[in-house]
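Presented below is the structure to which this report refers.
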Amino acid sequence: GAGVSQSPSNKVTEKGKDVELRCDPISGHTALYWYRQRLGQGLEFLIYFQGNSAPDKSGLPSDRFSAERTGESVSTLTIQRTQQEDSAVYLCASRSGTGAFGYTFGSGTRLTVV
Amino acid sequence: QQQVKQSPQSLIVQKGGISIINCAYENTAFDYFPWYQQFPGKGPALLIAIRPDVSEKKEGRFTISFNKSAKQFSLHIMDSQPGDSATYFCAALGGGSNYKLTFGKGTLLTVNP
């Protein structure tokens, strides 16, 4: 596609439920990132994929968070047993393989845990 | 530990004025410093970027000034327009092969007509 697509755009869930957030990167982009943006804060790195493997998961805040990527394409971020502090905008970005430029962010999924 | 500190949190400027946003970093391994512009409901979009071997970079009305010895960099928006009203993030990249970005907390810029 022309850009990074994320779905859903908004998600309201009850505390304790599991949620899945989806990211469709730009076709051909081998690198994919998830970031979290809490209200009034900058973006926090969560996880990095190169192809289908995740060499850097250092930003995942707890074992309730997990992510996978298949076919060097779609990625899913799963949050189990959601807590109110998980409320944030979750942003996905993909990057072309050539150097430090070329990050493209999606519009994000706004997650609200009630 | 906040590796990139950004100020101010919010900024109000009159149309035609100069908007200045400042950032400071700690990690000397950073080697690329982008600025992102974010409108409500949208993801951040790259505005302008600089490498530490350059002291200034200008693109249209947007200029980055970089002070390597002080580990500081700033964004100047000349002739600010109401359409520039957005949240601006400085970021830093480097210190590893994963190209992950470290962001400041953002500055909400409002340009009054």
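First the proteins, then the strands, lettered A, B, ... as listed; each starts at 1. Values in this document were obtained by computation on a predicted structure and should not be read as measured data.
For B:Phe103 and A:Tyr35, the ring centers sit closer than 6.0 Å to each other. Under the 6.0 Å cut-off for aromatic ring centres, A:Tyr103 and A:Phe105 qualify, their centroids lying closer than that.
In this structure, no portion of A:Gln50 lies under 4.5 Å from any heavy atom of chain B. Contact annotation for A:Ser58: only side-chain heavy atoms (C-beta onward) come within less than 4.5 Å of a heavy atom of chain B. Interface residue A:Leu43: backbone and side-chain heavy atoms are both found under 4.5 Å from chain B. When heavy atoms are compared at a cutoff of 4.5 Å, B:Leu108 does not approach chain A at all. At a 4.5 Å heavy-atom cutoff, A:Gln6 makes no contact with chain B through either its backbone or its side chain.
Residues B:Phe30 and B:Ile21 share a single hydrophobic cluster, defined by chaining ILVMFWY side chains whose heavy atoms lie under 4.5 Å apart.
In this model, no donor atom of one side chain and acceptor atom of the other lie less than 3.5 Å apart for A:Arg95 and B:Tyr99.
Interface with chain A: from residues 35-44 of chain B, residues B:Tyr36, B:Gln38, B:Gly41, B:Lys42, B:Gly43, B:Pro44 qualify, criterion being any non-hydrogen pair under 4.5 Å.
The side-chain heavy atoms of A:Leu60 and A:Trp34, taken from C-beta on, include no pair separated by under 4.5 Å.
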So B:Ser19 and B:Ser80, side-chain hydrogen bond (donor to acceptor under 3.5 Å, both in side chains) or not? Walk me through it. CA-CA 7 Å; B:Ser19 304; B:Ser80 298; 2.8 Å; yes
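Remark: A:Gln83 engages A:Lys15, A:Arg64, A:Glu85, A:Asp86 in a side-chain contact (heavy atoms from CB on, under 4.5 Å) (not counting sequence neighbours).
A distance of 6.5 Å separates CG of B:Leu75 from CD1 of B:Ile64, quoted to the nearest 0.5 Å.
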